[in-house]
2 protein chains.
Amino acid sequence: MTSELPASGEQAVRPTIKAVARHAEVSYQTVSNALNAPDRLKPATLARVLKSVEELGYQPSQAARNLRTQRTRLIGFRFEQTAGAGIASIEDRFLHAVCAAARDRGYGVIVFSAEDDDDEIAMYSDLTRRGAVDGFILMNSHRVDPRPAWLIERCIPFVCFGRPWQRTSRVHSWLDVDGGSGTYLAVRHLVEGRHRRIGFIGWPEGSEVGDDRHSGWLAATTEFGLPKRGLTVRGLDGIAVGTQLAEQLLSSAKPPSALVCVSDAMAVGAMHAAQQRGLVVGRDVAVVGFDDSPLATVVKPTLTSLRQPLESIAQKCIDLLVGHIDDPAKRAVTSVMEPTVIVRESSAVITDD
Amino acid sequence: MTSELPASGEQAVRPTIKAVARHAEVSYQTVSNALNAPDRLKPATLARVLKSVEELGYQPSQAARNLRTQRTRLIGFRFEQTAGAGIASIEDRFLHAVCAAARDRGYGVIVFSAEDDDDEIAMYSDLTRRGAVDGFILMNSHRVDPRPAWLIERCIPFVCFGRPWQRTSRVHSWLDVDGGSGTYLAVRHLVEGRHRRIGFIGWPEGSEVGDDRHSGWLAATTEFGLPKRGLTVRGLDGIAVGTQLAEQLLSSAKPPSALVCVSDAMAVGAMHAAQQRGLVVGRDVAVVGFDDSPLATVVKPTLTSLRQPLESIAQKCIDLLVGHIDDPAKRAVTSVMEPTVIVRESSAVITDD
DNA sequence: CTCTTACATATGAACGATCAAATGGGTAGA
DNA sequence: TCTACCCATTTGATCGTTCATATGTAAGAG
């Protein structure tokens with residue numbers, strides 16, 4: 001018998017289940033049982049088999065297991081091109097959370113890039129027809145979103161981070177953060193800091209997420225009896241636009257003392273506007289952003305923002321998805337979670353008197 | 001014959017190679033040949049088979065193919081936890097580029113998170129012993145880096161973005177960006193703007209990447225006959241530290257009129273310091289960062305920075321890796337690429353005295 | 001002492017593709 | 001008209017598992 005060390009330049013040969021069986025002097029099925037149904041084995045043999053497994057460093061071949069079980073234990077996830085104001089994005093934090101959560105459940109994550117919805121669907125088609133993934137996690141749902149319907153039609157398991165904005169869409173599992181609840185909390189936080197004129201910098205009407213976030217400001221101003229008139233301005237997302245809109249509010253006859261913004265990018269823009277007018281953000285005017293993106297901690301003063309519980313969202317997404325993979329008949333589950341106000345310098349000082 | 005539409009709630013049944021064979025009235029091996037060795041078939045049958053493939057929407061099962069070929073066409077990539085100054089990170093841009101490049105070569109990318117090097121190695125071990133990936137792409141190489149040696153010992157194909165900083169390390173394929181060349185270009189750019197006293201804000205001595213980037217400043221100041229003395233300051237990466245270090249330089253007897261920084265975070269900190277002294281960045285003092293991270297475009301004024309050609313790096317990484325997977329005996333290849341100065345407001349104005 | 005019961009282990013057949021080698025039919029040369 | 005050869009296609013074996021079922025053995029009950 002010659003030495004079986006891997007030749008240099010050659011990949012090491014992975015031991016198979018049969019090698020383990022020979023080593024433990026049992027049949028290969030017994031090894032399979034030892035790993036998949038340990039209670040079927042006599043404790044003594046179980047120990048012997050596991051010892052052989054350990055010694056040979058055996059891990060079942062994923063490919064063979066996939067073929068046999070018709071499962072890959074792989075989840076697909078589109079990692080979007082974070083263009084433009086992408087710095088205020090939470091994608092990478094979410095991807096991290098998804099990877100960690102998947103790993104806990106014994107799943108892996110296949111990440112792919114796609115140009116647009118259609119390209120993303122093309123990837124779904126490719127990956128599922130090849131049987132390369134068991135399901136998908138979607139994010140950034142929007143009003144005209146062909147993805148859920150496409151997946152539902154083909155009975156492909158998926159969970160969406162982001163609620164469906166279309167009434168007609170068929171039911172599926174999703175998780176989302178209550179944007180209205182977030183801005184409500186922001187206003188309450190500011191009211192506790194003695195603010196009464198609180199402006200809202202939002203996205204154009206018709207934007208689903210934007211309207212949702214505006215609703216909380218509306219609810220809170222009503223509940224606390226705060227003024228509303230002339231305190232909402234709207235525009236497309238971006239730092240420069242945020243500056244323009246905030247300038248509009250701050251230059252009015254009765255300027256607000258605090259600004260709740262629909263995004264961190266808008267908030268940073270608003271901070272610039274305040275600073276240009278010689279106001280000290282955090283003392284003369286408070287600013288609150290949304291998403292607690294990386295941007296919030298690098299600006300000066302640091303930005304108070306609403307943090308989404310991405311880690312627990314990712315965990316729930318994976319749990320739901322795994323449930324759908326194991327039992328495709330399972331009915332859709334939905335859940336809405338609350339963001340948290342992360343207080344930083346931009347709203348820290350309480351204006352007393 | 002009953003209808004074979006997928007029952008509601010059931011996943012659609014993917015057609016197998018045999019179904020295609022029946023449909024095209026050939027044997028299943030002919031179908032395999034049609035896809036893998038089309039020249040073996042008579043054009044007429046080839047067309048007939050491909051038509052059946054099309055009509056049934058057939059895609060070969062990845063699991064079966066993996067089992068037979070002992071390849072997964074999957075690449076592993078660790079997506080690091082971008083903590084602290086993570087906003088100035090290029091990880092997500094690189095991940096995107098890797099996904100796109102892999103897709104072009106018919107590969108997928110499995111992303112995983114890991115706590116540290118050892119945890120990353122544990123993932124390598126798990127993924128390779130299960131035969132879940134064909135190879136890895138590494139990034140963020142550092143001086144004491146156990147990863148390459150571990151992979152080399154086991155003959156696992158990989159390519160590293162980042163040169164090996166350890167002399168003793170065994171040879172492997174890597175790609176890197178020439179940091180020295182970057183700072184050299186930055187200095188030249190500033191010299192073209194009539195600057196002569198150019199400071200350097202770097203990381204502590206002994207940091208590999210930091211020393212590399214410092215070397216370009218040294219070379220350029222020598223070449224252009226610029227002053228060096230008292231113009232280099234060093235500290236750990238971060239916006240706050242950047243402010244401190246820049247303050248040190250700007251408050252000296254002969255302050256520099258331009259600052260080349262080892263990172264965008266440092267550069268943004270430097271901009272804050274200048275602004276605090278009442279200087280207008282871009283007019284009174286020029287600042288150049290490194291990495292062209294998202295941060296560079298969101299600060300005001302926008303930051304001139306050195307952009308790494310991540311897209312072509314990712315492409316070369318994938319090409320090299322695929323080469324190593326196909327032929328493990330292939331010898332190691334290394335390549336160093338040049339960054340580009342992306343000129344923005346922080347250095348745009350030419351000081352014509 | 002025999003028959004049942006229970007439990008531990010072994011056997012056989014997939015899963016869906018690819019690779020290597022065998023078979024078939026047609027055309028060309030003698 | 002027969003043999004030879006070549007090309008197109010098919011048959012057979014295999015990758016490494018898991019699932020369903022069959023076999024064997026020891027202990028307990030009648």
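Protein chains get the first letters and strands the later ones, always in sequence-line order, with residue 1 at the start of each.
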Original post:
Quick one: what's the B/S/- string for nucleotides 7-17 of chain D, heavy-atom cutoff under 4.0 Å, read 5' to 3'?
Top reply: -SSBBBBBBBB

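Counted by atom type alone, B:Gln166 and B:Asp145 present zero donor-acceptor pairs between their side chains at under 3.5 Å. Side-chain N/O atoms of A:Gln29 and A:Asn33 include a donor and acceptor closer than 3.5 Å. A donor-acceptor pair shorter than 3.5 Å cannot be found between the side chains of B:Thr72 and B:Asn66.
Of the residues B:Trp174, B:Phe94, B:Phe136, the one that meets the ring-ring contact (aromatic ring centres under 6.0 Å, His included) test with B:Phe161 is B:Phe94.
Using cut-offs of 30° and 60° on the angle between ring planes, the pair B:Trp150 and B:Tyr124 is tilted.
With salt bridges taken as basic N to acidic carboxylate O contacts below 4.0 Å, one links A:Arg105 and A:Asp319. Salt bridge status for B:Arg103 with A:Asp119: present, with a side-chain N to carboxylate O gap under 4.0 Å.
Overall, the helix from C:dC1-D:dG30 to C:dA30-D:dT1 carries an axis bend of 60° between its ends, with five pairs at each end and the value rounded to 10°.
Between the CZ atom of A:Arg73 and the P atom of D:dT18 there is a distance of 12 Å, given to the nearest Å.
Once rounded to the nearest 0.5 Å, the distance linking CD of B:Glu115 with CZ of B:Arg78 reads 8.5 Å.
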